[in-house]
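Since the structure comes first, as structure tokens, the remarks are kept for the end.
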Amino acid sequence: MNYVVIKCGGSVFEQLPSTFYQDIVTIQESGEWQPIIVHGGGPLITKLLQQTGVKTTFVDGLRVTTNDVLDVVEMALSGSMNKGIVRKIREKSGNAIGVSGVDGSLLEAKPVSGKEDLGFVGEVINVNTKMLENLVSQGLIPVVSPIAIDKTGQRYNINADMAASAVAQALGAKLCFISDIPGIYQEVGGTKQVFHQLNEQKIDALIEQKVIEGGMVPKVKSAIAALHQNVSEVSIVDGTQIHGLKAFMQGEQIGTRIALTQEVSHV
Ligand SMILES: Nc1ncnc2c1ncn2[C@@H]1O[C@H](COP(=O)(O)OP(=O)(O)O)[C@@H](O)[C@H]1O
Ligand SMILES: CC(=O)N[C@@H](CCC(=O)OP(=O)(O)O)C(=O)O
């Protein structure tokens, strides 16, 4: 089975055209690729935290997660976001099922390495691929919320890009990050030039130069981690484009393709 892990970011969620969900169903029906959705929901978490008066801060793109924050994170991700995406796929007659990383210990985690002062922020150490394979064999499209669990039952907040990367690594899948930008870009003479292809060395340089910053940093780091472990292809694709996902899956040059070693080129 060929899997494609489609990571749907919270920043693009509100702007996704309905063709996006249609494309997910079309990909599954075509039979060549089996889609697995991993979603974020950062903006919704931030909004809910503001409403409840709980302070939120980020370190290196990761949200500092106390137990109070974790309650809101789980409610937003495994509740509203997860079920919202399942409903939108079902509206297009897709057989979606929502699960969080807690269910069936789909995502097993430990505190994120080197950043233990972030509270309950985790990194995935095991993916229950059997469970995903079982769901897929029943004709279901899994929609995964990035809350993970450890052997003691402790929950962890996982950055959704890192969760998607872990799932793709475990399945040897193609990995596609859906975001709200046309690809990774650099400002040249006041205009944004999108990179069509990027390699690891150039990504390191762009992070160093702060051309790649904010939420894009965990995304490209997760992409590189995946490419080092069992994943052959990672792309960042603009979710706002009508039928962008379908075009990408049909091999059109769209967004930014990341590989460990390849030529660097602009669109
Ligand atoms: N060089 C870059 N090219 C494109 N986007 C960038 C770049 N550097 C930072 N970004 C920011 O990264 C954002 C995507 O990351 P994020 O907001 O975390 O998205 P998501 O919710 O999809 O994970 C873009 O909206 C953009 O503001
Ligand atoms: C540890 C950590 O930062 N977790 C993220 C999980 C959601 C996420 O990653 O959502 P996006 O994909 O929309 O950014 C958070 O709390 O915001």
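If you're wondering where the values come from, they're calculated on a predicted model, not measured in any experiment. Whatever order the structure lists them in is the order used to number ligands and atoms, beginning at 1.
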Note the single closest protein heavy atom to [atom], along with its residue, its atom name and the distance in Å.
atom: atom 16 (O) of ligand 2; answer: Arg63 NE, 2.7 Å
atom: atom 12 (O) of ligand 2; answer: Lys7 NZ, 2.6 Å
atom: atom 23 (O) of ligand 1; answer: Lys219 NZ, 2.5 Å
atom: atom 3 (N) of ligand 1; answer: Tyr185 N, 3.0 Å
atom: atom 22 (O) of ligand 1; answer: Ser179 OG, 3.0 Å
atom: atom 19 (O) of ligand 1; answer: Ser11 OG, 3.2 Å
atom: atom 4 (N) of ligand 2; answer: Asn157 OD1, 3.0 Å
atom: atom 15 (O) of ligand 1; answer: Gly215 C, 3.6 Å
atom: atom 5 (N) of ligand 1; answer: Met216 CE, 3.5 Å
atom: atom 9 (C) of ligand 1; answer: Glu213 O, 3.0 Å
atom: atom 13 (O) of ligand 2; answer: Gly10 N, 2.8 Å
atom: atom 24 (C) of ligand 1; answer: Asp180 OD1, 3.6 Å

Inset, instruction - Mark up the atoms of ligand 1 that fall under 4.0 Å of a heavy atom belonging to Gly10, in ascending order. - result: 21 (O)
Is the shortest N/O to N/O distance between [X] and ligand 2 below 3.5 Å?
X: Leu77; answer: no
X: Phe58; answer: no
X: Ala160; answer: yes

Report yes if the side chains of [X] and [Y] come closer than 4.5 Å at any heavy-atom pair, otherwise no.
X: Val144; Y: Leu107; value: yes
X: Leu16; Y: Tyr21; value: yes
X: Val69; Y: Val54; value: yes
X: Ile184; Y: Met216; value: yes
X: Arg155; Y: Phe120; value: no

Could you list the atoms of ligand 2 found under 4.0 angstrom from a heavy atom of [X]?
X: Gly40; value: 8 (C), 10 (O), 11 (P), 12 (O), 13 (O)
X: Ile158; value: 4 (N), 6 (C)
X: Leu62; value: 3 (O)

Legend entry - Lys7, portion touching ligand 1 at heavy-atom distance under 4.0 Å: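 The answer is the side chain of Lys7.
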Inset, instruction - Only heavy atoms count here, so choose which of Ile181, Val211, Ile178 is nearest to atom 1 (N) of ligand 1. - result: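 Going through Ile181, Val211, Ile178 one by one, Val211 has the nearest heavy atom to atom 1 (N) of ligand 1.
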Legend entry - Identified side-chain contact (heavy atoms from CB on, under 4.5 Å) partner of Gln28 from the options Val4, Asp23, Ile141: Ile141
Inset, instruction - State whether the number of non-hydrogen atoms from other residues, nucleotides or ligands found under 6.0 Å of Lys47 atom NZ is greater than 12. - result: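 Open.
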Inset, instruction - Dump the intermediate steps for side-chain contact (heavy atoms from CB on, under 4.5 Å) on Val217 and Asp60, then the final yes or no. - result: CA-CA 8 Å; Val217 176; Asp60 298 333; over 6 Å; no
Inset, instruction - State whether Lys7 and Asp161 are salt-bridged, where the test is any N-O pair (Lys NZ or Arg NE/NH1/NH2 against Asp/Glu carboxylate O) under 4.0 Å. - result: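 Between Asp161 and Lys7 there is a salt bridge, with a charged N closer than 4.0 Å to a carboxylate O.
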Inset, instruction - Mark the output for Pro146 as yes if a heavy-atom distance to ligand 2 is under 4.0 Å, and as no if none is. - result: no
Inset, instruction - Decide whether a cation-pi geometry holds between Lys192 and Tyr185; the criteria are a distance under 6.0 Å from NZ or CZ to the six-membered ring centre and an angle within 45° of the ring axis. - result: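 Because its charged atom sits under 6.0 Å from the ring centre and within 45° of the axis, Lys192 does stack over Tyr185.
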